[in-house]
Structure formats: C-alpha cells, structure tokens
Amino acid sequence: MNKLFAACMLLIGMMVSAQQLSSPNKNLQLTFALSAKGEPTYALTYKNKPVIKTSKLGIDTKDIAPLLNGFTIDKTETSTFDETWTPVWGEEKSIRNNYNELLVTLSQKDQKGRYIRIRFRLFNDGLGFRYEFPEQPELNYFTIKEEHTQFALAGDHKAFWLPGDYDTQEYSTVTSKLSEVRGKMKAAVTPNASQTTFSPTGLQTPLMMKSADGLYINIHEAALVNYSCMSLNLDDKNMVLESWLTPDAIGNKGNIQTSSTSPWRTIIVSDKAGDILMSRLVYNLNEPTQFKDVSWIKPVKYVGVWWEMITGKSTWAYNDLTNVHLGELDYSKTKPNGKHAANTAHVKEYIDFAAKHGFDAVLVEGWNEGWEDWFGKSKEFVFDFITPYPDFDVKELHRYAESKGVKIIMHHETSGSVRNYERWMDKAYQFMVDNGYNAVKSGYVGNILPRGESHYGQWMVNHYLYAIKKAADYKIMVNAHEAIRPTGLARTYPNLIGNEAARGTEYESFGGNNPDHTTILPFTRLTGGPMDYTPGIFQTKISAYNPDNNSFVHTTLVKQLALYVTFYSPLQMAADLPETYNKHLDAFQFIKDVAVDWDQSWVLEAEPGDYITMARKAKGKDEWFLGAITDENAREATFTFEFLPKGKTFTATVYADAPDASYDKNPQAYVIKKVKVTSKTKLKQKLATSGGCAISVK
C-alpha cells in the first residue's frame, strides 16, 4: 500500500511539474516534464494523435558532470510571436513566422546551481527546440561526448531514408519501414568519393516518415552554427530515434563556449503531404538577414561547361600528367590533351548561347591549374584558385561576357583541402571581383584535410559559414557542393543561393538515379534550403556524348522540364549541351520562360516517393508555371487553376509526354499544345513512367 501511495504521489508530482504548450491553431500540443531522476522530457501530439511519445533530452559531456539529469525547474516563461517577413528570394514573396514559445530554465543543484535552458517554439506546422547554455561561473567551456535528444515514435513508420554518414548524402533514398532499415543498410551504402558510416541503423536528416494513421513527419535541424551536424540512430526495437553528432578527428562531438546555443531540432508534421513541402519552419527558426544591402543578391539561371566533363566527353584537366607541382610546372610547355573543355573559344560558344537565349550566366569548371592530380592524393596545395590554364584567357572572357550581358560563374574545387582554400580565399575572391565574377560554385570532393575531420563535423560547419561570410565581404554569391546539408541559414545569409548536399543530376551519368528520386528530395533534402540539382538533360543516353558510358537518365525529357517547378532553387541550370538544346528548341522554350523567383506557390497534389504536382506565380509578373512528376509508375496528374485571377482567360502552353513515351524506351517523345484556361479549369494529363508535365500560363 505504501508503494502504491508513493507511486501515485510521484505521478502527481510529475503532473504538477508538466508544462503544456499549444500551437496557434491548437492542432499541436507539446508537453514538457521532468522524470523522477530529473531528466528533461517532452512529448508531441497532432490533433490528439501521438507524434513523439515521451522522449528524453540532455547532453553527455566529457570534462564536466553531464547535462542529463538531476535537474529541477527554476522558471518557465511563455510568449507568442507573429510576424511576416520578406525573403530576398524564395517560393513566396512573404513568409509568416507565427509560434507560441515555452522557455524552461533548469538547474542542477548538486552542481552548484549550474543551469541550462531549453526553448520550445510550437508552430502550426511543427516544433522547434534547442538547448541554451548561458555564461555562468560553473559553465564556461565543455566538450560534448554525445547529445542525447530522443524522438520516440508512435509506430513502425514508413520512412524515406539515407544511411547515416559523416561525409556524404549522395546516396539513393531507401523507402521502407523503420524496422527494415537494419536489413537494408548494407545495400544502401553505395560507393562514394568520401564516406564514413557509423551504425547499422544510422540515418540522416531530413528524415521523412509517414505513420500508419496518416501523419507525415519530418525530422531535421535548423540554424546549424558552431556545432556538429546531427544524424539519427534508430533503436529499432523500441522505435526511438536519438541524436548522433558527427565527431572531430579525435572523437569529440563538439567544443562549446558559453553563452551559446545548440541548433534547433525540428519536427514538421501534418496529415497532408503538401503541408510538408510548404513548411517554412526551418527558415523561421533562423535569424533575419544580417546584410543591410542585398541588392547584389539575385536569382540566377545559367548554362555551363560541366555536363560534357561529367559524361566523359571532355576533361577538366589541360594535359595528362600525373604528378604536378603547382607553381613550379610551366603548363605552356606541356602537351595539351585535346579534350580540355574550359578553353577560351569554347567558353565563348557557351556565352553566345546564354546571351541568345536570355540566360544570366555561364559556369566554367576546369579553368584553373591543378586538375591533373587533384583527387585522392591527400594533396594539400592542390589549387591556388587564381591561375588559369594557358588556353583560358581570363581578361578576354571577362570582356566578351560583359559585352554580351552575361556573367561567368567561378568554380572553386578544394578537393577537401580546406586549410589551403582558406589561405587563398581573400586572393581568390578579389580575383573574382577584378574579373567580373559575382558567384562561385565551391566543391569539397574527397576526404577532408586536415586528416580525420569529416564533412559534417563542427570544424567544417564553421568553415562553410566562414566561406559564406567572407564571400559576402566581396559581394559574392555561393553555391556549395559536397558541403553540409542546409538548415535554413540562407535566411540569415541569402548569398548562399545554392547547395548540393544530395545525389544530383550528375549521377544520371554514373549509373542513373532511381525514378522516384525526385519525388522524394523535395520532402527531405529541400526542407532546409534549395538544391542545385542541375536539371534540363534532354539527351538521356549518355553514350551519345561518350560511347564508353552506357548510363542513361531515368526520366523522360518532359520530366526534366517539370523539375524546374517541383524543385525550388533561386539558382537553376540548363545542364545539357547547347548542341542538344538546338535540336529541341520548342521544348527548350519552357526552360527559357520558367522563373527562378516566385510570388506564391501551391501544392496541387503530392505523395512522397510517388508524385508531386505544383504551381507557382513568377515574382512580379502575371505568369504562372506548373509542373508534375511521377515515379516509375505512369499516372494521371490533375491540374487545377484556382489561383488564376477570376473572370479572365489565359493561354496555357502544355509540354507533355507523348502517348508512347517512357523513361527507359522512349524518353524524348513529347507533345506541345496550347489550351485556354480560367480559374475554373481542371486539366488532367497522363504522365509516362518517370514522366512529367510542364505548363506555362500567360
């Protein structure tokens, strides 16, 4: 009887200390409480359905007593916030930031009153929470052994997942139940230039899931600054996900100086798949832009000297040497290989094509010395970022591009030699300014130098942000490849106009992407920011460019058009070769017309891994663009036009798969037709296997 009484009193005590928080629309309910051991816990429901069951919070430390238990609640504070802010670029011209907040101050009395705070923000579309470490006598510096943030799931959800890895996201997404992850992990870990997996049930974020009772759940992080990237480790017996931070070269998970905060841990949830695509929660958890002048940051549509190297038609390297001492070798005295693409005459051809068709810029890769032995050599001085090959005339191309009203996009491949890049960064950015470049594509292919550091550790997280800030000093926009996956930092630093951080179009030349690939990425990778996916491939047989490459693009030509709508990015590439576009100028017209900045966006229908149909209104114009894509299954997409002004008739140009089109046997078969539409029109269009439909309305 005494035991029963004690248990009841304990439960009552926990209930008294429990804190409740509702979202502004009341659909989401957060509960915070301390366990009997003084462990912070939280739980989350959506329309009374469990999203996250009671889950523990805390951080284990290496050099001080852990921040895991023994806490008491010192103080709780609640507040409400509601604003509308204007992004520099985006999927809509304004974003509402509306949440209810709970701030809990927790102290450890047995640690001389040492305290931390946990801040929860509950939006209509999900939850964000973070740890805060105020400066105090008993907490100044500490080393993280591991962060133990749990996400206790309510079931064995269907998941869209990538293997947990400290160095790459360039895997094909696996769709399975969480209980099947362990059995599918080995096959999911495919070769990559740099990879470090950590667990047979390790998963990356953003992690997209769907519950048996119809909830769509996305777990990620926001505002990743001076902290290690979070992956998730799955307890597949209890269906509990737990944070797993990327270690540094000696195994530590983070070095913290107060006052500071962790990144936000985010949970987006809805009973509608389209709400996940439309969520701006991750952006809203980032700080407003720090730039007073953003006039130099502009969305870009570009072509580039890139795909011909990816396919093997051309090379980045000027010659075929295998041992180059940069700064000592006189390239003018070496024999060219005859396949170097980044030469003055050839780049002018791309500039002419861009100017003729109204593109903003031309990306040129392979322009600078060092490509002969750039990869896999652990070579620290691999590039200097300012010395062109003999056949690349920087001054002449600057003059020529400027005369045509076209910019050239710089390329900085670091080969993972990060200290070398930072040594050269000021000179490299100044070189860009002096020669008319205002945007750079950076790359981090291969293992990181110094050795032992990972692409997603705290040290590299700080480097990526350093590069963005430094670029801003020179009014340069950044498109970072092989870098950390985005966490909404583009709100704060809008010169970060592009990221890769996933398996992009280049893999269509490396064996191909799965047909469902592009129906998943908007629900996962794009949660934290846009992707430089580089769509627009019309010649789907790679052997047409390189007879030794039998890969093929796993989409129809029309699906490539639709990606410009379903994949948002302020940086969009027409990635194929001009010679191919010249054969299909009627279809190419859509790429010329489609916008890269938007006033508003709508999800017409969506299901992760199956299909997406979207519509968008061009920024400042009465022009609308629609796109529909499907997986390996042919289907019928439904387009509604309720967003059009009422009482007016518009002309819609429909780019559709031909009746006999298929991604594997007849991918280039398409039809183009014009139809009249109003706000009441409903249009149905058949999509081929891995096919699509693209519509422009004027």
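Residues R130 and E132 are paired through a salt bridge, judged by an N-O separation under 4.0 Å between the basic side chain and the carboxylate.
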Return all side-chain donor-acceptor pairs below 3.5 angstrom for residues 151-159, not counting sequence neighbours, or 'none' if the list is empty.
residue, atom, partner, partner atom, Å
D156, OD1, L178, N, 3.1
D156, OD1, S179, N, 2.9
D156, OD2, S179, OG, 2.6

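With sequence neighbours excluded, the residues satisfying salt bridge (charged side-chain N to carboxylate O under 4.0 Å, His left out) with K210 are E607. Looking at residues two or more places apart in sequence or on another chain, you find a side chain to side chain donor-acceptor pair (under 3.5 Å) between D213 and S211. Take E147 and apply the side chain to side chain donor-acceptor pair (under 3.5 Å) test, not counting sequence neighbours, and it matches T149, Y227, R265.
None of D248, N255, T246 except one satisfies the side-chain contact (heavy atoms from CB on, under 4.5 Å) rule with Q458; the exception is N255. When each of M209, K272, K47, K49 is paired with L215, the side-chain contact (heavy atoms from CB on, under 4.5 Å) condition holds for K49 and for no other. Considering L232, L241, L162 in turn, L232 is the only one that fulfils the side-chain contact (heavy atoms from CB on, under 4.5 Å) rule with T205. With H412 as reference, Y421 is the one residue of Y421, Y444, W424, Y429 to meet the side chain to side chain donor-acceptor pair (under 3.5 Å) rule.
Between the side chains of S176 and W161, at least one donor N or O sits under 3.5 Å from an acceptor N or O. A donor-acceptor pair shorter than 3.5 Å can be found between the side chains of S199 and N233.
No more than 12 heavy atoms of other residues, nucleotides or ligands lie within 6.0 Å of CD in E287, so this atom counts as exposed by the packing criterion.
Cation-pi geometry between R117 and Y131 is not satisfied (NZ or CZ under 6.0 Å from the ring centre, within 45° of the ring normal).
Of all non-hydrogen atoms in A193 and N447, the two that sit nearest each other are O-OD1, 4.3 Å.
Side-chain atoms of I497 and W89, non-hydrogen and from C-beta on, do get closer than 4.5 Å to each other. With contacts defined as side-chain heavy-atom distances shorter than 4.5 Å, the pair I144/L245 qualifies.
Within the structure, every pair that satisfies the ring pair (Phe, Tyr, Trp, His ring centres under 6.0 Å) test and touches residues 104-123, not counting sequence neighbours, is listed here: F32-F120, Y99-F123, F120-F129. The salt bridge (charged side-chain N to carboxylate O under 4.0 Å, His left out) pairs that include a residue from residues 440-466 are E365-K441, where partners are two or more places apart or lie in different chains.
Listed for the Q111 side chain is no donor-acceptor partner under 3.5 Å among the backbone atoms of Q108.
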